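A quick write-up on the structure given underneath.
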Amino acid sequence: MAALWSGRFEKDMDELVKKFNASIGFDQRLYNEDIDGSIAHVTMLANQGIVTEDERDEIIRGLEQIREEIGASLNSSGDYVEVPGMNGISPLFSYNDEDIHMAIESRLTDLIGDTGKKLHTARSRNDQVQVDCRLYLQRKIAEIAASLARFEEVILNKAEEYVDVLMPGFTHIQHAQPITVGFYFMAYFQMFKRDIERLRDCYDRMDYSPLGSCALAGTTFPIDRHETAAMLGFSGPTENAMDAVSDRDYMIEFLNAASISMMHISRWAEEFTWWNSSEFSFIDLDDSFCTGSSIMPQKKNPDIAELLRGKCGRVYGDLMALLTVMKGTPLAFNKDFQEDKERLFDAADTWQASIEIFANMIEQAAFREDVLNAQLNRGFLNATDVAEHLAQKGIPFREAHEIVGRMVRVCEEKLREGAEKESSGDQFGLEELTEEDLSKIDSRLSKKMLGDISIRACVEARKSFGGTAPDEVRRQIETGRKWLAEFMA
Ligand code: ARG
């Protein structure tokens, strides 16, 4: 079968080239958007008197029939039924169709005859593919944002469950200051909130219709681009036809949003991989998110957390691939752009699945309070609090810092000497220093002056806005819930 553009050609395409050139294998998933775009286009053509109302009705009937035919070729999970040797192409299509736009158009002409040939008046595949991709991506963004919103709800519930549970907070992977597990969860809440906001920004910026830009320079037909934009739910038409057919910024923005969000997932997956190890044992990952070893019978491996960390690299790859595809392309359309869709689909699918799986994994992970408690008296978690107490009693903070540093040194000496405790490797804490120890370190020091430096008291006192005190975290949770409710509304 000759291609739709075969008029100026004497020879048919080389068979290998045909396959290499075709995008039907992956752009067939744009079929719904392609048909929506065509229906809006032909409706506008009729309203402008460019085709007749009868022609419009015939074309729309044909397109709806094609929509049904393609829909029926999907299996229950929404994939095309595989046909041997067809590399996953729907049995309705062949490489001769090149892409979904030509496949639908040629099927339309098969179905309704010559009237079908009028559909492509005042448009080009260059604007058509952009309409399809924007519509597709906007739908995908809505789905991914909904998955992120559900994840946020999981995080809020976890934060509430663990709002009073203490744990060590780390810097440089070393014990730093005590925090609550609820506070820790709310840190991730903020990251995924920004991810949702980035998606919303990206959605709004792509919310313009390229339809009617045609090949690159618009058309001599009296089309109404505002009308098609409105019919398709866009907030208006794109301003410049040459930009509209050359622009892939919106895809790159989406891939950027996906990459940042996958980076968040990856950091958390990394933490949980460590925390699930016998060295930490802070958490228990649910069996349903772990795998066994084929040789070591005792193993329960955090494969899914690791795989999620790995998927982040894959999505970064998608972003880098498209940035690189675009960097040397002159205006306007170039066939290089066809490389955009697989990267876009891969990132969207990977990101969406990662969020959904990770949300379930987090929901079912349990923190081990016994282990966390045992960690609280290691690493002088209350050292900063002691310095703050001294500073509040009038010792300048820099001096207080110095004094607490000396206190830590004395504690470490005592631990080394095995004094007061059997040498079990346990911490000798600041709160264990005697009045005598204290006055030797600095004549102004006393137990009374140190105040209550138990870990719980330290955490409860960190009430500054954004701090870790349970009451402050309750406020963060409440603000988070309000934001989420407004987002979902
Ligand atoms: N299949 C192409 C794509 O994926 C359609 C764009 C138009 N192609 C062309 N040679 N003008 O981008």
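Residue indices begin at 1 and follow the sequence shown. Each ligand, and each atom within it, is numbered from 1 in the order the structure gives. All values reported here derive from a predicted model rather than from experimental measurement. The analysis underlying the following values was restricted to heavy atoms, covering all of them including side chains, and did not include hydrogens, waters or symmetry mates.
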Q. Which is it for Gln128 and ligand 1 at heavy atoms under 4.0 Å: side chain, backbone, both or neither?
A. neither

Q: Decide yes or no for Ile265 and Phe192: does some side-chain heavy atom of the first lie under 4.5 Å from some side-chain heavy atom of the second?
A: yes

(Q) Just to be sure I'm reading this right: ignoring hydrogens, which of Gln338, His101, Arg248 gets closest to atom 1 (N) of ligand 1? Compare them by their nearest heavy atoms. (A) Gln338

Q: Pull out every atom of ligand 1 sitting under 4.0 Å from any heavy atom of Ser23, numbered as shown with elements.
A: 1 (N), 4 (O)

Q: Using the ring of Phe183 (Phe, Tyr or Trp, six-membered ring only), decide whether Arg462 places NZ or CZ under 6.0 Å from its centre and within 45 degrees of its axis.
A: no

**Q.** Modelled atom types, side-chain donor and acceptor of Ser38 and Arg123, under 3.5 Å
**A.** yes

**Q.** Which residue and heavy atom of the protein sit nearest atom 6 (C) of ligand 1, plus the separation
**A.** Phe333 CZ, 3.5 Å

**Q.** Test: Arg134 cationic atom under 6.0 Å from Tyr208 six-membered ring centre, within 45° of axis
**A.** no

**Q.** Shortest heavy-atom approach to atom 7 (C) of ligand 1 - which of Asn126, Asp27, Leu30, Asp99
**A.** Asn126

(Q) Is any side-chain heavy atom of Ile70 closer than 4.5 Å to one of Phe93? (A) yes

Q | Nearest protein heavy atom with distance in Å, relative to atom 4 (O) of ligand 1 | A | Lys341 NZ, 2.6 Å

